[in-house]
Amino acid sequence: MEQCSNQVIVAKNVKKNYQQDSIVVEAVRGVNLTIEKGEFTAIVGPSGSGKTTLLNVLTGLDTPTEGEVWLNGRLLSEMSQRELCDFRRDNVGFVFQAYNLIPVLTVEENIEYVMMLQGVSKNERHRRVVDILKQMGLEGYHNRFPTQLSGGQQQRVAIARAMVTKPALILADEPTANLDSKTSRALLDIMRKLNEETNMTFVFSTHDPHVVDRARRVIILEDGVNVREETRN
Amino acid sequence: MEYYLKLAWRNIFRNRRRTFLTGLIIAIGLAMIMFMDGMIVGMKNNIISSGTSSFLGDAQIHRVGFNESQDTALTINRLEELKEALLKDESISVLTERVLSFATLSSPADINSIVICGVDPRKEKFLSKMDEGLIEGSYVSKEGDIMIGDKLAERLEVESGDRVILTLSEAGSGELIQEMFRVSGIYRIHIEEMDASMAFIVLSQAQKLLGIENEIHEIAVQFKDFKYAIENEKTFEQKYSEYGNIAETWPSLIPQLKYIIDMTDISIGLLVLLVFAVIVFGIINTLFMSLYERTFEFGVLRAVGTRPGGLRKLIVFEAGSLAVYSIIIGIVIGTALNLFGSLVGMDLTGVELAGTTFTSRIYTAFKARQYILHPLLIFAFTVLVSFYPANHAAKMSITDALRKTM
Ligand SMILES: Nc1ncnc2c1ncn2[C@@H]1O[C@H](COP(=O)(O)OP(=O)(O)OP(=O)(O)O)[C@@H](O)[C@H]1O
Ligand SMILES: [Mg+2]
């Protein structure tokens, strides 16, 4: 199939089953989906609807039972584990619900981790950390340890870490689940601002209607299938 | 690399108490190994020296067959050439010549069969311990003097200055000869057969009595370094076993001593293994505990692009850091123990172990290997063992790890 250069994710009939003892759990049951560059998209659905499973499969953290996924133009099933690992490092920024940061590393050290894996020079890393912290409104926080930050600040550092390598996709699985609603909205505002300024692609999952409100495209997942979609502005 | 080292070092101090306790296990293990090594070296030195330096020497040369038959006619062949070679030998520090014969010694009170030994008093003092063990009187210095052990003196009911009669048979002819001696001194060196059934007279008189002028039965040698006998046993034995003579180092002369030393080496080896097993258990346990606590974190590290090898490296580095930390504590404890052992020592004087007797306090010995080999072994072992948990972490499924929230 033809891949347009501005398609970040293309998923074709993706299914994921889990074997639990003798029962087969169909976590994702045939998802077709395209995400284009610059999107700010929410994947919404009740608990157990398969959001995490779908995101894992889309980013190559997990392999689908059936179907194909193209990420930034590459077919994931064609890559070796090693290739996939490096591909993820260079193309996807991850933000999880909580405990994103290594507690024994400072803010700066956490943010530079992926750049260090990529072999970016020390000076360049420092320059980029200073830049991104400014964008995140966290100037002067680079020597703090994660425990010295509030939950919202920690998530902002996690977003900084995800963005600092300018990946094709920033993927956030329930990034606000551990935050209060005010902090959640503030975090989403920053994410959206960054999306508009940099045209980086954001995909995040959530339960929270306030968070959903900030999305421009909403994909609704039920029982492992994307049943509906909404586009907003 | 540097980044992982930093991360590893900080990670081990995340749970200070656990790290300290595990570190302490490893440290005590190392300290025990260091101390046991010091003790064993001290004990071995003591066993060997009580076996060799009392009288035996580190090596001896005889005529082939003399040791078995004690036939006084079997004197050393080509003595002058042999002595010349020995005097040139760099590894030898002392050498003494002896004449040996069965004899009886009688006093008005009793009669005892003994081994009479003719010695050169000036040389003999350097090798054997009778001089240090003198409890009464003085060393033999002239013809007519005889020096005996305290047990023998007790049986014969004699003191220094008393007269005794020595009876022996002439070499070759077997004719009985009697001679009167005056007890010049009485010694005690805590070796039963020497204290109870040996007596010493000057070499020249012994030769005259036996009719073997200028000939001897035994050359006893002391090496500059007593370990030379173990390390170069064969070299020495081959070099001087010629002209119908036989050279033997102490491991051949007193095989039971060699046996004890081998046994101590084996038991030390077993103890060390045991200590290592404890250490391994401690490390694996700690690493796995800290691994399970951080499953989610490892999931994050893997998700953002850390290769399995990177994670493995991190955990191995953590083990290495733990080892370094523990080794520092261990060396401090081990040194303290050894210092104590080397200053105070252990009193085993008179305790008999398979035929030899400890003749002095045992002091622990410091050895370079306690500071280099043992810590390095601990380090290597720890790092080696950590590959097990490290592989476990590297193989973990990312999505499973990410499902584990503490
Ligand atoms: N490793 C697994 N083994 C077995 N079943 C699993 C596994 N992972 C997920 N599931 C099941 O798959 C289904 C989808 O799970 P998933 O975590 O993707 O849902 P979710 O939408 O992310 O839920 P939540 O909002 O609670 O995070 C659930 O029924 C879950 O129990
Ligand atoms: Mg989920």
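Naming convention: chains lettered A, B, ... in sequence-line order (proteins, then strands); numbering from 1 in each chain.
Interface remark: L117(A) contributes side-chain atoms only to the contact with chain B (heavy atom separation under 4.5 Å). Interface remark: T306(B) contributes backbone and side-chain atoms alike to the contact with chain A (heavy atom separation under 4.5 Å). Using a 4.5 Å cut-off between heavy atoms, N91(A) does not touch chain B at all. There is no contact between F87(A) and chain B, counting heavy-atom distances below 4.5 Å.
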I'd like a table of donor-acceptor pairs (distance under 3.5 Å, sequence neighbours excluded) in which one partner is a side-chain atom from residues 375-389 of chain B, with atom names and distances.
{"residue": "T382(B)", "atom": "OG1", "partner": "I378(B)", "partner atom": "O", "Å": "2.6"}
{"residue": "S386(B)", "atom": "OG", "partner": "V383(B)", "partner atom": "O", "Å": "2.6"}

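Using a 4.5 Å heavy-atom cutoff, the side chains of K51(A) and L221(A) are in contact.
Remark: Y325(B) pairs with F13(B) by the ring-ring contact (aromatic ring centres under 6.0 Å, His included) rule, at least two apart or across chains. Applying the side-chain contact (heavy atoms from CB on, under 4.5 Å) test to A336(B) and every residue at least two apart in sequence or in another chain returns nothing.
Of the options T335(B), T364(B), N338(B), a side chain to side chain donor-acceptor pair (under 3.5 Å) to Q370(B) is made by N338(B) and by none of the others.
Residues E318(B) and R14(B) are not paired through a salt bridge, judged by the lack of any N-O separation under 4.0 Å between the basic side chain and the carboxylate.
Remark: aromatic rings of F340(B) and F35(B) are distant, center separation not under 6.0 Å. Taking the six-membered ring for Trp, F96(A) and F94(A) have ring centres closer than 6.0 Å.
When the heavy atoms of residues 118-135 of chain A are compared with those of chain B, none of the residues falls under 4.5 Å.
Of all the listed residues (V114(A), I102(A), V92(A)), the one sharing the greatest number of non-hydrogen pairs under 4.5 Å with chain B is I102(A).
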